[in-house]
Amino acid sequence: MPTYYFKNKDGESVSVNGVISVNSITFDKEPLTYLKILHDGKHQIHCDCTTPDAVSHVCLLSTHETYYLKQSSSKPHDDECPLVGLSSGEYNPPTNADKLPQVRPYLPGKKVAEKKGEATGGGGGRGTRQSTLYTMLCHLLAGKNIDGLMMVFNRYTHNKNFNWDSLYFSLFANKPFIERTKFSSLLKTPSNLKLQPDEGFIIQFTRNVSKRFPPQIYTIAVSNEYNLVFEDGNCKFTDSNNVERSLKPRSFSHRFKQTKGARLFFFSEAYIDGEWIVPLLYSHPIVSLEIPILVDSNYERVFFKFASERFAIWENTLTSRLRQKANNAGDTDVQAAVSFSITKPYFAKTFYHQPNVPLIPDFKLSRKFKYFDANETQNLLVEVMGINDPVYDARKAEIIPAMERRLKIPVAKVKPETMTADFNDLMTMKWSKYEDKYKLKKTE
């Protein structure tokens with residue numbers, strides 16, 4: 001268990017939160033409280049994970065309101081040190097744990113949105129980060145059913161159609177939400193508009209669901225970039241069914257608000273004091289109306305569309321080549337196939353010995369081979385380098401090696417200005433820990 005020592009640039013001990021040193025377990029409970037003070041005082045963290053002590057400098061990526069640590073090049077940390085790759089902006093993302101999170105329904109007077117830390121990545125409305133709705137959304141969009149009926153909404157394959165009704169089979173949708181009522185009974189999606197906030201619903205809710213909680217509905221809606229307005233707390237947009245919506249939520253968060261284009265909205269409606277109100281609203285950019293996968297920037301959206309369009313060409317080319325390839329007996333496999341998929345990770349990957357240092361790559365690309373009796377999948381991670389900023393580049397330079405070491409998957413970097421060349425390079429990379437035995441390379 002490493003110990004961290006707080007010192008100024010001259011190597012003298014400084015007090016942070018009343019202490020001059022702290023063990024890693026204590027630090028991991030509230031890292032942001034230490035990082036902010038260290039950054040503001042231009043102090044450093046010294047760590048005894050190596051000899052001589054390793055040194056980290058606290059940096060602030062102001063465009064994302066994210067604190068992160070940059071290692072000293074002369075006194076680096078051990079690869080397994082919990083401080084390697086630490087970033088406050090990715091510190092409390094959802095994790096796909098075995099046990100689903102306990103998310104409470106709306107009840108007037110109760111705190112339902114987490115205010116711990118600061119809003120990140122474009123910020124939340126009124127200073128509130130809607131972690132509750134975001135966590136619910138991630139589990140709805142990427143939560144498989146035990147019987148495999150759920151078609152995940154964070155993975156795309158060529159010509160895939162997203163079926164909104166499949167969300168009702170997710171583990172989270174089938175979890176008891178209000179007393180014994182499942183969340184799916186209160187969920188509205190673009191393909192399911194049965195629930196209506198009318199008198200009949202109110203009577204049924206009070207009689208069959210709960211007399212303690214107010215009647216409430218949770219709605220997922222998607223919109224394009226047209227007729228989309230955020231102004232003075234009002235949210236106006238035209239959804240995918242061409243229905244105009246005008247909402248004034250009491251608490252809201254438009255994640256990555258600066259990212260224009262298609263967006264997904266997730267909000268609750270509750271019947272309070274004789275009227276329907278919108279207690280909570282969360283919105284997040286998506287690739288497009290046809291591909292409702294969450295993205296964290298327009299750079300990611302551009303890469304996703306770029307890659308998905310080219311995967312069709314690569315699939316045809318490599319499949320044709322594989323079917324022409326003879327095995328040792330001289331036979332060919334007319335059923336051989338190569339396919340690609342793109343996954344946007346919604347959950348952090350954590351490690352049992354470093355549970356508070358989560359890592360979330362931008363994308364995971366998968367390449368599947370079927371050749372005679374051989375079936376295998378190769379994976380490659382992609383980081384989309386969004387902005388030309390030395391501080392941003394320094395942070396990525398810390399996180400990417402940590403990601404490769406801990407996830408055991410190669411990471412490719414893609415920049416918008418060199419996307420074609422970068423994409424061609426990543427397609428010829430080694431995609432996993434083992435070599436591509438079929439040597440399938442597409443020559444341009």
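FYI, side chains are in, hydrogens and waters are out, and symmetry mates aren't considered; it's all heavy atoms of this structure. Every value quoted in this text rests on a predicted model; they were computed, and no experiment measured them. Position 1 is the first residue of the sequence; numbering continues from there.
Residues meeting the side chain to side chain contact (heavy atoms under 4.5 Å, CB included) test with Ala412, sequence neighbours left out: Leu380, Leu426, Met429. For the side-chain hydrogen bond (donor to acceptor under 3.5 Å, both in side chains) test, no residue two or more places apart in sequence or in another chain qualifies with Thr157. In this structure Asn224 satisfies the side chain to side chain contact (heavy atoms under 4.5 Å, CB included) test together with Tyr226, Leu289, sequence neighbours excluded.
Residue Ile291 comes nearest to Ile286 through the heavy atom pair O-CB, 4.3 Å, listed as atom of the first residue, atom of the second, then distance.
Cation-pi geometry between Lys344 and Phe363 is satisfied (NZ or CZ under 6.0 Å from the ring centre, within 45° of the ring normal).
At least one donor-acceptor pair under 3.5 Å links the side chain of Ser170 to the backbone N or O of Leu167. Counting only distance, with no hydrogens or angles, the side chain of Asp78 and the backbone of Cys49 share no donor-acceptor pair below 3.5 Å. Judged purely by atom type and a 3.5 angstrom limit, Lys160 uses its side chain to pair as donor or acceptor with the backbone of Arg155. Panel note: side chain Gln44, backbone Val55; no donor-acceptor pair is recorded below 3.5 Å. Side-chain atoms of Tyr371 come within 3.5 Å of backbone N or O of Lys325 as a donor-acceptor pair. A distance-only check finds a donor-acceptor pair linking the side chain of Asp362 to the backbone of Val384 [under 3.5 Å]. Remark: the backbone N or O of Val243 is not paired with any side-chain donor or acceptor of Asn241 at under 3.5 angstrom.
Phe6 and Phe27 have tilted rings, their planes meeting at an angle from 30° to 60° on a 0 to 90° scale. In this pair, Phe177 and Tyr218 present their aromatic rings perpendicular. The plane angle is above 60°, beyond the 30 to 60° band. Ring-plane geometry between His284 and Phe256 is classed as perpendicular, the angle between the planes exceeding 60 degrees on a 0 to 90 degree scale with a lower cut at 30. Ring geometry, His254 versus Phe265: the interplanar angle exceeds 60°, so the pair is classed perpendicular (tilted spans 30 to 60°).
For Ser283 and Arg263, the side-chain atoms include at least one donor-acceptor pair closer than 3.5 Å. With 3.5 Å as the limit, one finds no donor-acceptor pair spanning the side chains of His158 and Ser339. Counted by atom type alone, Thr26 and Asn23 present one or more donor-acceptor pairs between their side chains at under 3.5 Å.
Sparse packing is recorded around NZ of Lys415, with 12 or fewer heavy atoms of other residues, nucleotides or ligands lying under 6.0 Å away.
Residue Tyr134 forms a ring pair (Phe, Tyr, Trp, His ring centres under 6.0 Å) with just one option from Phe347, Tyr346, Tyr282, and that option is Tyr282.
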Leu365/Phe340 under side-chain contact (heavy atoms from CB on, under 4.5 Å): CA gap, chis, key distance, verdict:
CA-CA 7 Å; Leu365 309 185; Phe340 292 90; over 6 Å; no
